[in-house]
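Worksheet: the structure to be examined is printed underneath.
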Amino acid sequence: MSKKSMAAARVLSQNLLAEGIYDLWLETPIAQDACPGQFVGVYPTNKSTLLPRPISICEVDKERSAIRLVYRVVGSGTAEFALYQPEDYIKILGVLGNGFPLEAAAGKKVVVMGGGIGVPPLLETAKRLAAAETAVKPVKVSAVMGYRNSETFLSEEFAKYADMFTATEDGSIGTKGNVIDAMREQNIEADVIFACGPMPMLRAIKNYAQEKGIKAYLSLEERMACGVGACLGCICKTTKVDHHSHVNNARICTDGPVFDADDLDM
Amino acid sequence: MSKKSMAAARVLSQNLLAEGIYDLWLETPIAQDACPGQFVGVYPTNKSTLLPRPISICEVDKERSAIRLVYRVVGSGTAEFALYQPEDYIKILGVLGNGFPLEAAAGKKVVVMGGGIGVPPLLETAKRLAAAETAVKPVKVSAVMGYRNSETFLSEEFAKYADMFTATEDGSIGTKGNVIDAMREQNIEADVIFACGPMPMLRAIKNYAQEKGIKAYLSLEERMACGVGACLGCICKTTKVDHHSHVNNARICTDGPVFDADDLDM
Amino acid sequence: MNTSVEIAGVKFKNPVMTASGTFGSGMEYADFVDLNKLGAVVTKGVANVPWPGNPTPRVTEVYGGMLNAIGLQNPGVEVFANRDLKFLKDYDTKVIVNVCGKSVEDYLEVVERLGDEERVDMLEINVSCPNVKEGAIAFGQKSAALYDITSRIKEVAKQPIIMKLSPNVTSIAEMAKAAEAAGADAISLINTITGMKIDIHKRKFALANKTGGLSGPAIKPVAVRMVYEAAHAVNIPIIGMGGIANAEDAIEFIMAGATAIAVGAMNFHDPYTTEKVVEGIEEYMTRYGVQDINELRGIVE
Amino acid sequence: MNTSVEIAGVKFKNPVMTASGTFGSGMEYADFVDLNKLGAVVTKGVANVPWPGNPTPRVTEVYGGMLNAIGLQNPGVEVFANRDLKFLKDYDTKVIVNVCGKSVEDYLEVVERLGDEERVDMLEINVSCPNVKEGAIAFGQKSAALYDITSRIKEVAKQPIIMKLSPNVTSIAEMAKAAEAAGADAISLINTITGMKIDIHKRKFALANKTGGLSGPAIKPVAVRMVYEAAHAVNIPIIGMGGIANAEDAIEFIMAGATAIAVGAMNFHDPYTTEKVVEGIEEYMTRYGVQDINELRGIVE
Ligand SMILES: Cc1cc2nc3c(=O)[nH]c(=O)nc-3n(C[C@H](O)[C@H](O)[C@H](O)COP(=O)(O)OP(=O)(O)OC[C@H]3O[C@@H](n4cnc5c(N)ncnc54)[C@H](O)[C@@H]3O)c2cc1C
Ligand SMILES: Cc1cc2nc3c(=O)[nH]c(=O)nc-3n(C[C@H](O)[C@H](O)[C@H](O)COP(=O)(O)OP(=O)(O)OC[C@H]3O[C@@H](n4cnc5c(N)ncnc54)[C@H](O)[C@@H]3O)c2cc1C
Ligand SMILES: Cc1cc2nc3c(=O)[nH]c(=O)nc-3n(C[C@H](O)[C@H](O)[C@H](O)COP(=O)(O)O)c2cc1C
Ligand SMILES: Cc1cc2nc3c(=O)[nH]c(=O)nc-3n(C[C@H](O)[C@H](O)[C@H](O)COP(=O)(O)O)c2cc1C
Ligand code: FES
Ligand code: FES
């Protein structure tokens with residue numbers, strides 16, 4: 001595993017992707033080691049808020065030594081991030097977490113599934129799966145992304161790397177309903193699922209995967225303080241006693257955020 | 001007295017005057033009512049520091065509806081102020097305090113005296129005294145400014161409105177010593193003194209004025225919270241029972257910052 | 001939409017008050033705020049005779065707040081009644097007078113003197129000022145002493161009594177219960193938390209008094225917790241305060257169990273805070289379709 | 001220049017420690033900080049058996065700090081000794097193990113188990129965690145109970161004992177005296193202050209546990225005051241903590257009377273904080289010509 005650091009990152013660009021959803025490219029050495037499913041902690045400069053905000057890595061550009069973050073404005077930290085301009089410097093902590101086990105998709109039909117602000121980390125995932133060397137290449141990469149309404153984002157980019165399917169809650173685009181509804185409606189085949197999104201969606205995926213005998217890897221969210229495994233703030237319940245905690249708790253920031261669905265007690 | 005307000009002010013310009021001393025022009029309606037010796041509260045945007053910083057009005061330009069602040073960087077608030085650029089907006093509270101009683105100099109020889117970062121408020125004072133209408137005009141305006149070393153500031157501007165004398169602690173410019181040393185060395189005559197500076201200097205002026213039968217008005221400094229007379233944080237000891245407090249305390253922010261030296265127990 | 005609340009038979013047009021000592025008698029903030037819009041003006045503490053307070057520096061800034069050691073400077077109840085209460089006559093808001101003293105007799109004297117002042121709707125008894133040695137230790141941090149002074153004040157008071165509690169205690173619930181048992185009509189909390197700041201360059205205390213009371217956003221989580229604990233310990237109404245900066249903070253206190261709330265140190269950060277809180281509460285109620293502010297009280301269990 | 005300090009015969013190369021629970025066992029911060037540069041690593045609290053801790057959310061941010069209700073999740077002393085202590089063997093720093101329990105017997109079991117572990121230089125007894133009902137109320141907030149548990153631990157402990165005090169008390173001096181009288185070799189303070197946050201939009205507590213411990217810069221003035229009060233009440237050394245973010249803060253605690261200091265929540269804001277504090281203290285000493293850090297202790301009277 002690469003060494004974690006906290007360092008300044010340079011803003012390369014920032015764009016609005018959809019209502020309240022921003023697309024931020026940062027230049028940082030972290031890019032060299034970043035894997036899909038990992039995340040960084042972004043520090044607000046407002047001194048009343050001191051904790052880093054966990055934001056997933058959406059895309060990596062090793063040539064420019066840059067990472068892409070796609071985030072939704074929900075509170076004071078993300079509202080501040082939305083103001084950043086090219087050439088600004090911000091502090092980030094990373095690279096954090098384990099990332100998706102891409103090798104588990106070797107020779108398999110893999111579906112990446114995202115819901116809402118869980119969509120972004122699947123983009124680099126799809127990209128790497130599509131670009132994998134022959135020995136570890138999946139036989140097929142599909143993407144199923146769920147949104148609230150027609151304010152979708154990143155869809156066209158997924159289409160570059162995967163068979164792309166969309167579900168919207170209001171039915172304005174693609175399947176009306178959630179990602180599982182799309183799976184069923186479109187008869188999308190899967191041996192392995194990589195997913196990120198809200199807890200109810202992840203629960204539904206776990207059940208669906210169990211029912212169909214699919215291997216599922218789920219990326220979880222929890223309130224974090226340290227981001228590096230020290231504070232024990234961000235745990236999830238596990239079915240087995242965890243190797244680190246010796247209780248049925250794993251640290252999402254360090255042992256996750258991606259877990260084998262079978263190991264999760266959700 | 002004009003109504004106090006807290007409002008955004010627009011930065012017009014900012015320049016470095018001397019080492020660590022900045023010159024900031026702000027556009028604000030407060031300019032219309034601001035008198036020399038009054039001050040404003042400047043709010044840092046850094047949310048860990050919430051109280052306004054009291055800064056004296058150094059000059060007023062009614063035509064541009066602008067005030068000038070000259071301040072020394074000493075802590076987190078002033079360090080932040082030094083970063084402001086033209087077109088930035090900052091929040092200020094004002095106009096605060098009573099100001100120098102210019103009318104007390106009518107037909108008199110008046111000396112404005114400043115020490116260190118107490119120099120700035122005397123500039124507008126000298127300017128208004130020099131520009132006073134005949135009926136209330138002083139017969140002579142002198143200025144005696146004390147600095148640590150050759151890093152003086154505003155000297156040339158004082159020379160426009162007053163006979164200008166300088167004292168420096170290290171003797172590099174003008175009289176070696178303090179403003180009182182300069183008064184004695186240069187035989188500067190005074191009926192009235194308006195002064196602002198560190199407490200030891202003000203004490204020396206009070207004694208000097210008593211000795212020579214000069215009327216002195218001194219502008220004081222104290223830690224402030226509200227700036228508007230509510231918190232009772234910023235009091236000074238008075239010789240008589242104060243009209244407001246009914247004890248021997250006056251509020252520097254509201255009853256001052258300028259006091260008749262005879263009323264002060266210092 | 002109803003924003004009015006009632007405490008001991010006194011009806012406030014809304015739950016927003018000023019925290020004692022941070023708003024003078026309203027006079028100093030009249031340039032900024034329409035006092036008629038406030039639920040109540042709570043005045044600076046007043047004693048039987050004028051008090052000079054502590055030496056300066058009396059205030060200093062800290063992360064997310066401030067320390068103060070004013071030491072309850074006040075002009076005495078006589079001047080207060082003739083000047084400050086007179087000033088407040090012209091305003092359509094309730095008036096709560098904060099009372100301080102060094103002995104039980106001091107308090108009783110002020111309470112009796114104000115008994116016939118019509119402009120006084122309630123009395124808030126400050127037994128919790130950390131900056132006056134006598135007041136704090138004797139009355140505000142021991143439940144037996146709190147019980148005693150409360151019941152003696154209740155014997156002579158003509159207006160309803162709010163006991164203002166100190167957060168510098170092991171159990172706020174115990175103190176709240178003592179006040180209630182002794183007949184207090186309401187309690188208010190929290191007063192400031194005792195703190196200290198040292199200037200490491202000058203090697204001196206930042207305050208002449210060495211210690212001072214911490215207030216501002218820094219203390220809000222402690223204040224919310226204590227309001228919640230007190231609300232679960234007693235049945236009398238609670239006025240909550242400690243770091244309130246906006247309507248969201250105010251509603252947090254109400255959801256924790258406060259009937260009314262007060263804005264303190266944040267008046268210094270933004271002199272319009274009280275009025276903005278009044279407006280913000282109404283906006284919140286509109287947004288979530290809350291008909292009556294009283295529905296929100298203690299809603300988070 | 002001498003930056004080393006001594007506590008109960010244990011010599012620390014400098015006064016900078018990590019606050020228990022904010023630094024794991026050092027492992028998690030080894031990417032950022034050279035542990036060899038620290039005065040001591042103070043580990044997360046460990047109990048006789050594994051504890052699962054509280055449900056999530058366990059942490060939430062507040063103005064200038066955070067609330068936590070981890071609930072002392074830990075793998076139990078056996079795993080701790082075989083993994084965490086083993087990891088620390090390779091480092092040239094002192095190791096202080098923080099001990100937690102639900103009954104006196106729990107504590108004694110851990111203290112005895114660690115008695116022969118060479119890598120353990122001192123034990124810090126956490127009787128003040130606000131997030132575990134049993135631990136806090138029973139031992140940390142009543143001086144008689146504190147006296148009792150301290151003396152019982154002292155009977156069996158082979159390493160020197162630090163009692164970690166709760167700030168949620170009326171008199172920190174009284175608690176410090178009880179610990180000293182019972183034979184504690186040192187005290188550390190402050191643990192977190194109990195706080196609460198309510199999400200007014202979701203109408204829910206921000207923490208599953210309802211209340212949590214407040215830490216970070218917001219509590220620093222309270223912590224400095226308590227260290228000062230404790231230093232004037234007892235003669236045993238004090239380890240000060242609460243909101244330390246930089247060397248200036250650290251020196252403030254030392255001037256208030258602390259022999260050593262610990263960095264807690266601010267590790268989360270800047271993982272390099274501890275090392276920066278070590279360097280900053282040296283810079284301060286150089287700037288002011290301080291030969292020995294021990295000269296600064298309690299210098300502000
Ligand atoms: C592993 C991980 C990856 C994430 N990836 C993304 C992403 O790619 N894009 C994106 O938009 N969001 C992502 N999130 C959620 C994101 O962290 C929060 O939306 C963000 O922290 C909100 O910060 P704020 O200051 O705007 O909100 P506030 O509500 O003001 O934040 C207050 C505190 O709560 C924390 N917090 C608030 N919401 C969340 C949340 N949902 N999860 C964790 N902590 C939260 C904040 O970090 C902060 O400490 C991710 C969360 C995790 C745990
Ligand atoms: C009436 C008045 C007029 C002033 N006019 C000027 C001026 O024209 N130019 C100028 O450079 N300075 C002036 N000062 C001093 C100026 O207020 C302080 O230097 C400034 O507040 C420091 O803020 P800071 O955040 O940089 O320092 P910090 O030390 O970080 O400030 C911390 C707190 O202490 C207060 N504080 C620190 N130093 C002083 C001080 N000397 N007086 C009062 N409060 C202080 C701050 O306002 C703040 O609340 C004046 C002070 C007063 C009372
Ligand atoms: C400058 C100042 C003066 C105060 N004076 C009094 C007082 O006279 N009587 C009193 O009961 N409380 C007094 N307080 C305490 C406040 O009323 C309030 O309880 C406390 O500051 C917490 O609220 P806040 O964080 O909103 O300021 C004072 C607080 C400050 C900051
Ligand atoms: C996430 C977290 C976990 C903590 N766990 C422990 C613990 O296990 N044992 C203990 O004695 N103190 C624990 N504490 C308290 C800290 O050691 C420290 O006393 C407190 O946080 C104040 O310091 P700070 O403001 O620098 O964080 C914990 C604090 C935090 C923030
Ligand atoms: S955030 Fe601290 S352990 Fe995960
Ligand atoms: S600063 Fe509040 S009274 Fe002067």
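A, B, ... follow the sequence lines: proteins, then strands. Residue 1 opens every chain. Being a predicted model, the structure only gives us computed values, none of them experimental. Note that these values count all heavy atoms, side chains included, but never hydrogens, waters or copies made by symmetry.
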Quick one: what part of D/M27 sits under 4.5 Å from any heavy atom of chain A, side chain, backbone, both or neither?
neither

OG on A/S5 to CG on D/D31, rounded to 0.5 Å:
8.5 Å

More than 12 heavy atoms of other residues, nucleotides or ligands under 6.0 Å from NZ of D/K37: yes or no?
no

Criterion side chain to side chain contact (heavy atoms under 4.5 Å, CB included) on A/C226 and D/Y29, from CA distance to verdict
CA-CA 10 Å; A/C226 70; D/Y29 279 97; 3.6 Å; yes

Tell me, yes or no, whether the heavy-atom count around D/E105 atom CD, taken from other residues, nucleotides or ligands under 6.0 Å, exceeds 12.
yes

Using a 6.0 Å cut-off, check whether atom CD of A/E19 has over 12 heavy atoms from anything other than its own residue.
no

If every non-hydrogen atom of A/P52 is compared with every non-hydrogen atom of D/F268, which pair is closest and at what distance?
CD-O, 3.5 Å

CZ/D/R203: more than 12 non-hydrogen atoms of other groups inside 6.0 Å
yes

Please give me the minimum heavy-atom distance between A/L93 and D/P271, naming the atom from each residue.
CD1-CG, 3.8 Å

Return the OG1 to CG distance between D/T56 and A/L232, rounded to the nearest 0.5 Å.
12.5 Å

Go through it in stages, so that I can follow the logic: the residues are D/E28 and A/K4, the test is salt bridge (Lys or Arg N to Asp or Glu O under 4.0 Å), and I'd like the CA-CA distance, side-chain angles, deciding distance and then a yes or no.
CA-CA 10 Å; D/E28 289 80 6; A/K4 290 169 193 154; over 6 Å; no

Ranking A/G229, A/S76, A/G227 by heavy-atom pairs under 4.5 Å to chain D gives rank one to A/G229

Between D/Y63 and chain A, with a heavy-atom cut-off of 4.5 Å, which part of the residue counts as in contact: side chain, backbone, both or neither?
both

Should the heavy atoms of other residues, nucleotides or ligands under 6.0 Å from NZ of D/K89 be counted, would the total exceed 12?
yes

Most chain A-contacting option - heavy-atom pairs closer than 4.5 Å, from D/P55, D/A218, D/P52:
D/P52

Between A/R53 and D/E61, does any side-chain N to carboxylate O distance fall below 4.0 Å?
yes

Determine the option with the most heavy-atom pairs under 4.5 angstrom with chain D, choosing from A/N46, A/I235, A/N248.
A/I235

So A/S245 and D/W51, side chain to side chain contact (heavy atoms under 4.5 Å, CB included) or not? Walk me through it.
CA-CA 9 Å; A/S245 69; D/W51 286 12; over 6 Å; no

Between D/H269 and A/L50, the two heavy atoms sitting closest are ND1-O, 2.6 Å

Run D/V59 and A/M224 through side chain to side chain contact (heavy atoms under 4.5 Å, CB included) and show every step you take.
CA-CA 7 Å; D/V59 289; A/M224 295 184 175; 5.6 Å; no

Take atom NZ in A/K47; do more than 12 heavy atoms of anything else shown fall under 6.0 Å from it?
no

Work out which heavy atom in D/R83 is nearest to a heavy atom in A/H243; give both atom names and the distance.
NH1-O, 3.7 Å

Treating A/R223 as the side-chain partner and D/R58 as the backbone partner, does any N or O pair qualify as donor plus acceptor under 3.5 Å?
no

Is D/N74 close to chain A through its backbone or its side chain, or both, or neither, when contacts mean heavy atoms under 4.5 Å?
backbone

Residue pair D/P57 / A/E222: nearest heavy atoms and the distance that separates them
CA-OE2, 3.8 Å

